[in-house]
Every structure is written in structure tokens, then in C-alpha cells.
Amino acid sequence: MSEEITKTVELVSLRLNAGKAEALSYVYKTYGEILKEAVDIMQYKGITSWVKGIKELYRYFRQKYPDLPANYVQQAIRDAASRLKSFQKLKEKGLAYTEKPEVKQWTVSCGNKLWKLSFQGVEISTHAGWIRIPLLFHKQFYILYNSGWTLRSSCRWKIEDRKLRLYVFFRKTVEPNTNYSKVIGIDVNENNVTLFTLPDHKAITLVTNHSKIVLGYAYRRKAIQERHAHSLRSLRVALRKLRERNVKKALRDKVASLIAKIAKKENAILILEKLPKRFQEKVLKKSGLKSFDAHRLKQSAIRGIQNRIVEKALEYGVKVEFVDPKNTSRTCPRCGSSLNLMTGNAQRRGWKPRVLKCSKCGFTHDRDVIAAWNIAKKLDVSLMPWGSKGAHDPYVEWQVVTVNRKVEAQHPSLDGWQGKATFDYVKKVLAIEQS
């Protein structure tokens, strides 16, 4: 079954002159006023359909703001209906913390009658007529534009510091590959993402050391807050320079892109754990972690990495399935017996092997590799037997790669990566931990 994927590209203009900035600011502020008032009225009347909202409120707002192009009024009412529907879903799940949705930030939605894009820039309709604004087109825009993606007829924009930020949307229809020959189980953890390929019995651990990044920024943020406690403005400027969100996003994107390329080259299907929402909070209650350790776990972004893997896999035409995560790191993948932890379990200072040993057959390996193996086995397919070929054959080819923001992670099937960690390495680590 074909699916449609969408990508958002941000285009920024140079600093606008006073006339253009004033015209766009008026549209932006007026749009926000309509959006806020429409949310209040529609909630009071119990309207969540944008069609009914336009029938009820369009004439009122047209009379109140006669100089604003009519399509902006319709788009603002549609935005209000969308916000109300999202708020209603959160309220049903008990996740709403206010009595009504609060509009704090917004972007102006434009239909095809309100904007025109060209390689010279964009033209936007305002109360003062059409305004032409030159844009800075970047590499990502040209890659999508020239590689089979279709530009949608709608866009969004906002005005900040006399600069226009235009958000355009590309879409593409892809059909996931169903004729796969291999299965890759993926175990996403705080400090690594581990892949296990069946029937090859090959594993690769992509080390992210996410806990070091989170704790490093937490300590830096605490020092900045103490240093700028006297001035809220200087504190905001200093915190903005940290770019913590960009660093974490870049890491997630790199890991997801690498996994999608591996699956594409191996002609494999990806298997992920079906994790519940807010599962970190349940882990915190169970473990009793506090302070920086609790912050570290909340910022682990395990579901975020999973979502990014799914998006990237779909972009490459790779099929993704979800399975029950129960007992994936507790049972032996060879005989199904329980496992005993042989080394430390803490991952506070980055990744290190956590070795498990089967109480029945004696199979010993890294916990994350075992979990990824069990995840791969949970897919209900009959390509070929997944288990070990012999009772005394515990060997699994295991490779460890460190992923960071500056140096591109590599994989032997892609770029000839030379390093390797096998079962012999695990035995060496086990001997060190026990000594």
C-alpha cells in the first residue's frame, strides 16, 4: 500500500524594509487576533468543524477586518477548528492542563490564492497588495525540488525581527518494499541503537552517548542560570546560544538516516518495539531516580528516535513493523530461558557493554544485542529458521560504531568500516568486569 510522506522546509528572507515589515506584521497580528477569538467562540458554541465555523463566523470577522484578504479569515477559522479538535483529544485522555486551548504562538496559513513562489522569492497577499520578498534558497530545498518531491499549494509563514520565515511543504508518494529477504530488529536505548539482522546473525551497535549530551547541557544550563540570575534578558540570550535542541535533532537524524540506508541496501524489513506514550514516567516511578538522573531519562528521546526511524525508512521505501516489547531483554534468544546480568547496568556516563548470561544454555552476549535479536524473532514470518545452527554455536558477529555530530558514522556494507567487536570481545569485557 502506497503512503504519502511530507517534509517541511524553512526559507528565510533578508531583513525587510520598514514598509514590507509593517504590512506583514499587520497581517500576522490580525490573523492571531482572529485565531484567538475564533477559538473562544467556537469552544463556547461547541463547534469543532471548520465548515460550520466558517458558516458561523466568516461574516462577523469580514465586517470586523474588512481590509484583510478574505482567505486569511477562512484559514484562521480552520486553524481554530484544528486546535479545538487536538485539545478535545487531549482532554479525553486526561492530558489537558487548562480548561480551554491557549493560543500563544501561531503561523499564518496561506492557500494557493495568497502566495506565489518563484526562484526570485515569494509574493504574499496583504491588505496593502502583493508584496514581493527575496528568499535565501538552500541546498535542502533544491534537493527535494529536483528529486521527485511535489511542492504543495499551501504554506505557512511568520515575521520575526523584520525577517520572513516561510515554511513550504513537499510531498511524495512511496510504496514500502514487501519483497524483503532479511529482518532487522532494532532496540533503541538511551545511549545506543542496536540492530540485529536475521538470518545473517549480524549485529551492529550505533553508540550515541545521549546521556553525556543531556547531562552536559544540564550542567551548563545550571551554571548559566546562576551567572545570569540578575537579568532575564541576558539569561534568554545565553540559553539560546546553547542550541541543545539542534544538537539532539542532528543526532537523531543521522542515526535514522544510517539505519534506513542499511535496511535499503540489505533489502530488509525493520522491526521496532511498540512503546507506550510517556513510558519514561512509569520507569521513573519504578526506579525512583531523581534530580539529573531523572532529567536524563526524560530527555532520552527513545520514542523520538523511533519516530524518526519510521519517517526515514518510509522515505527510502523500507517497510516497518511494531511488536510487543515484553521480555525482549530478559529471555535467551536461543533457548528462551531467563538471563542473568553479569556486569553493571548503569548507563549514566555513556554506553558500555552490559553482558547477560543464560541460566540454562550458557549463552552470553550484550543485553542490547540480545534484545534486538528477540525483537527480530517476534516478526511472524517464515523466511528461514532464525535460531542458532548448533547447540554450541553462540557466535554472533557484532560491530560497534560511534555516532556523533561531526564525523559521519560508517557501516561495513556502506563505507568499509574496519572496526569490529565479536563474541571474543564480550568475553574479554566480562573478564575485566569480574576482575
State, with a plain yes or no, whether a side-chain heavy atom of [X] is found less than 4.5 Å away from one of [Y].
X: Ser337; Y: Phe363; answer: no
X: Val310; Y: Phe322; answer: yes
X: Tyr217; Y: Val247; answer: yes
X: Pro176; Y: Glu3; answer: yes
X: Phe196; Y: Lys202; answer: no
X: Ile224; Y: Leu235; answer: yes
X: Leu117; Y: Leu135; answer: yes
X: Arg83; Y: Phe87; answer: no

Taking [Y]'s backbone N and O only, do any of them form a donor-acceptor pair with [X]'s side chain (distance below 3.5 Å, no angle check)?
X: Arg252; Y: Ile305; result: no
X: Ser25; Y: Ala21; result: yes
X: Lys20; Y: Ile131; result: no
X: Ser153; Y: Asn112; result: no
X: Gln43; Y: Glu99; result: yes
X: Asn191; Y: His210; result: yes
X: Arg303; Y: Leu275; result: yes
X: Asn267; Y: Asn179; result: yes
X: Asp366; Y: Asp368; result: yes
X: His228; Y: Glu226; result: no

Distance-only donor-acceptor check, side chains Thr328 and Glu273, under 3.5 Å: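 Distance-only check passes for Thr328 and Glu273.
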Closest heavy-atom pair and its distance - [X], [Y]:
X: Ala76; Y: Leu35; value: O-CD1, 3.5 Å
X: Cys361; Y: Cys335; value: SG-SG, 3.7 Å
X: Ile77; Y: Gly53; value: CG2-C, 3.6 Å
X: Ala376; Y: Val183; value: O-CG1, 3.7 Å
X: Phe137; Y: Gly121; value: CE1-N, 4.2 Å
X: Trp115; Y: Cys155; value: CD2-SG, 3.4 Å

Of Leu198, Leu270, Ile184, Ile271, the residue whose pairing with Leu379 passes side chain to side chain contact (heavy atoms under 4.5 Å, CB included):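 Checked Leu198, Leu270, Ile184, Ile271 against Leu379; only one passes side chain to side chain contact (heavy atoms under 4.5 Å, CB included): Ile271.
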Distance, nearest 0.5 Å, that separates [atom1] of [X] from [atom2] of [Y]:
X: Ser181; Y: Asp200; atom1: OG; atom2: CG; value: 8.5 Å
X: Leu314; Y: Lys319; atom1: CG; atom2: NZ; value: 10.5 Å
X: Ile370; Y: Leu339; atom1: CD1; atom2: CG; value: 5.0 Å
X: Thr150; Y: Glu4; atom1: OG1; atom2: CD; value: 8.5 Å
X: Leu136; Y: Leu166; atom1: CG; atom2: CG; value: 12.0 Å
X: Thr98; Y: Lys91; atom1: OG1; atom2: NZ; value: 8.5 Å

Side chain to side chain contact (heavy atoms under 4.5 Å, CB included) assessment of Ile124 paired with Leu164: CA-CA 11 Å; Ile124 295 179; Leu164 175 72; 3.8 Å; yes
Would you say that more than 12 heavy atoms from the other residues, nucleotides or ligands in this model lie under 6.0 Å from the [atom1] of [X], or not?
X: Lys264; atom1: NZ; answer: no
X: Arg15; atom1: CZ; answer: yes
X: Lys7; atom1: NZ; answer: yes

With a 3.5 Å cut-off and sequence neighbours excluded, list the donor-acceptor pairs that the side chains of residues 139-148 form with protein atoms.
| unit_1 | atom_1 | unit_2 | atom_2 | d |
| --- | --- | --- | --- | --- |
| Asn146 | ND2 | Tyr142 | O | 3.0 |
| Ser147 | OG | Ile143 | O | 2.5 |

Thr8: partners by side chain to side chain contact (heavy atoms under 4.5 Å, CB included), with sequence neighbours left out: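 For Thr8 the side chain to side chain contact (heavy atoms under 4.5 Å, CB included) partners, ignoring immediate neighbours, are Tyr167, Phe169.
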Derivation and outcome, side chain to side chain contact (heavy atoms under 4.5 Å, CB included), residues Asn189 and Arg354: CA-CA 12 Å; Asn189 298 279; Arg354 297 175 290 178; 3.9 Å; yes
Note: Arg308-Glu311 ion pair, threshold 4.0 Å (strictly below):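 Answer for the salt bridge query: yes.
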Note: Lys312-Glu315 ion pair, threshold 4.0 Å (strictly below):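 Salt bridge flag = yes for Glu315 with Lys312.
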Salt bridge (charged side-chain N to carboxylate O under 4.0 Å, His left out) partner of Glu10, the single match among Arg165, Arg156, Lys158: Arg165
Check against side chain to side chain contact (heavy atoms under 4.5 Å, CB included), Trp157 and Leu24: CA-CA 10 Å; Trp157 61 267; Leu24 291 174; 4.0 Å; yes
Trace of the side chain to side chain contact (heavy atoms under 4.5 Å, CB included) decision for Tyr72 with Ser109: CA-CA 7 Å; Tyr72 282 121; Ser109 177; over 6 Å; no
Parallel, tilted or perpendicular: ring planes of Trp106 versus Tyr28, cut at 30 and 60 degrees: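 Rings of Trp106 and Tyr28: parallel, as their planes differ by under 30°.
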